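Every heavy atom of this structure was used, including side-chain atoms; hydrogens, water molecules and symmetry mates were not. Small disclaimer: the values here were computed from a predicted structure and weren't measured. Throughout, protein chains are lettered first and strands after them, A, B, ... in sequence-line order, and every chain is numbered starting at 1.
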Amino acid sequence: MSNQEVQLSEKQNEPAETVELTREGLYFTPAVDIYETPNELVVLADMPGVRVEDLDIDLKDDTLSIIGKVPDPEQAECFLLNEYRTGSYFRSFRLTDAVDQGRISAALADGVLKLKLPKAAKAVPRKIPISGG
Amino acid sequence: MYPWFSRRSSFRHEMDRLRREMDDLVSLFTPRRPWSGPLWREMQLFPLLNVAEKADSFVVTAEIPGMKTDDLEIKFEGDTLTLKGERKPEEAGEDVSYHRRERAVGAFQRSLTLPAKVDSERVSAIYRNGVLTITLEKEKSAVPKQITVKPE
């Protein structure tokens, strides 16, 4: 086993501000990785327990929201240990013009959402050839 | 009476976040004080476990999103369940710059002793939607037996 210990996986329970307050239940902010390749931005979000049919991705007014509903767990008779709570997930991101909003794609596997945000043509870096005089 | 207190304004929310980040920053430079936070936070427990006891079984669940089942190792010895694994970073390739890295990666191990005899032949594990569920059936002798009292 390597010495590198996993960082804690605290679920942040921050009521998201832009979520409608009429929503019932507990919402967590999923941990995300965001990285950029020359052609796209990739967002990875940890949303354990969310099934594909319970995932909603909304794009409105340049705001991309991800909402993952986790069905209520069946009531256990007795918890010997209860270290984490389950609840739904919400997080939103503001997109800039650099993202081609029409070509966003998403995939959910093993509780990890992968969003691919292709860059708009003008945001892809292009080498401009310089002709010598 | 104090509407600014009962409602979490975005300013308050930001202040909370700032304070937490400052705490994290300070904790980098100060020696660890045990018991200054939740137990699992100080001990960096991963994954967090929920253990439910049913009449004839124990159900252990853990949220470990993004694992390959090959990277998970579950052992049951005596009355101790050991969960081992490694969460590998996503292979993003070269020429990649990270804007955010919040998802944890690395190796982890947790052990758990169960309070009743478990039939080691009947331990099963399922990994679904990033949640690992281990079901351990109790040994016959450990299953509580209902005794009805008959009137005389």
Side-chain angles (χ1 to χ4, degrees), chain A residues 1-12 14-18 21 28-52 54-55 68 70 73-86 91 93 108-114, chain B residues 8-10 13 16-17 20 38-55 58-69 84-87 89-90 92-109 112 114-115 127-132:
Chain A
M1 206 176 104
S2 80
N3 284 329
Q4 188 199 358
E5 286 291 323
V6 153
Q7 291 290 305
L8 62 101
S9 69
E10 180 179 5
K11 268 183 165 184
Q12 297 196 21
E14 297 182 357
E17 288 153 31
T18 42
L21 290 170
F28 293 104
T29 305
V32 298
D33 283 355
I34 301 176
Y35 61 83
E36 186 175 347
T37 72
N39 299 315
E40 59 188 6
L41 276 163
V42 178
V43 178
L44 294 169
D46 280 347
M47 304 169 90
V50 175
R51 299 174 300 181
V52 177
D54 297 326
L55 183 67
V70 172
E74 51 179 294
Q75 280 302 307
E77 284 163 38
C78 153
F79 268 122
L80 297 178
L81 196 60
N82 195 355
E83 294 178 342
Y84 71 86
R85 290 187 296 169
T86 54
R91 192 147 178 179
F93 305 92
L108 181 70
D110 296 330
V112 180
L113 171 69
K114 187 174 190 174
Chain B
R8 271 172 83 94
S9 66
S10 67
H13 183 64
D16 280 357
R17 197 177 61 82
R20 202 163 48 233
L39 185 64
W40 50 267
R41 182 170 191 155
E42 287 302 315
M43 292 170 70
Q44 301 237 317
L45 292 185
F46 184 93
L48 297 181
L49 303 175
N50 278 357
V51 182
E53 180 169 10
K54 300 193 171 173
F58 294 104
V59 180
V60 179
T61 54
E63 294 184 327
I64 326 174
M67 290 287 296
K68 298 210 167 48
T69 44
K84 250 191 196 179
E86 186 173 354
R87 207 172 165 217
E90 151 105 5
E94 286 171 26
D95 213 3
V96 155
S97 59
Y98 271 89
H99 294 236
R100 254 168 209 278
R101 288 199 102 150
E102 299 170 356
R103 299 168 66 238
V105 290
F108 56 84
Q109 175 174 3
L112 195 70
L114 293 158
Y127 183 63
R128 192 193 296 131
N129 297 325
V131 179
L132 178 70

- Message: Counting heavy-atom pairs under 4.5 Å with chain B, which one of A/Asn82, A/Leu41, A/Thr37, A/Leu108 comes out on top?
- Response: A/Asn82
- Item | Contact origin within B/Leu114 toward chain A - heavy atom pairs under 4.5 Å | neither
- Query: A/Val50 versus chain B, heavy atoms under 4.5 Å apart: side chain, backbone, both or neither?
  - Reply: backbone
- Among A/Val112, A/Ile34, A/Val52, which has the most heavy-atom pairs under 4.5 Å with chain B? A/Ile34
- Ion pair A/Arg91/A/Asp46, N-O distance below 4.0 Å: no
- Does the distance from a Lys or Arg side-chain N to an Asp or Glu carboxylate O, for B/Glu90 and B/Arg103, drop under 4.0 Å? no
- Message: With chain A as the partner, which of B/Leu49, B/Leu112, B/Val131, B/Val59 has the greatest number of non-hydrogen pairs under 4.5 Å?
- Response: B/Leu49
- Task: Could you tell me whether the side chain of B/Arg87 and the main chain of B/Ala104 form a donor-acceptor pair under 3.5 Å?
- Result: yes
- Partner residues of B/Phe58 under the ring-ring contact (aromatic ring centres under 6.0 Å, His included) criterion, sequence neighbours left out: none
- Task: Using the test side-chain hydrogen bond (donor to acceptor under 3.5 Å, both in side chains), find all partners of B/Tyr127 that sit at least two apart in sequence or belong to another chain.
- Result: none
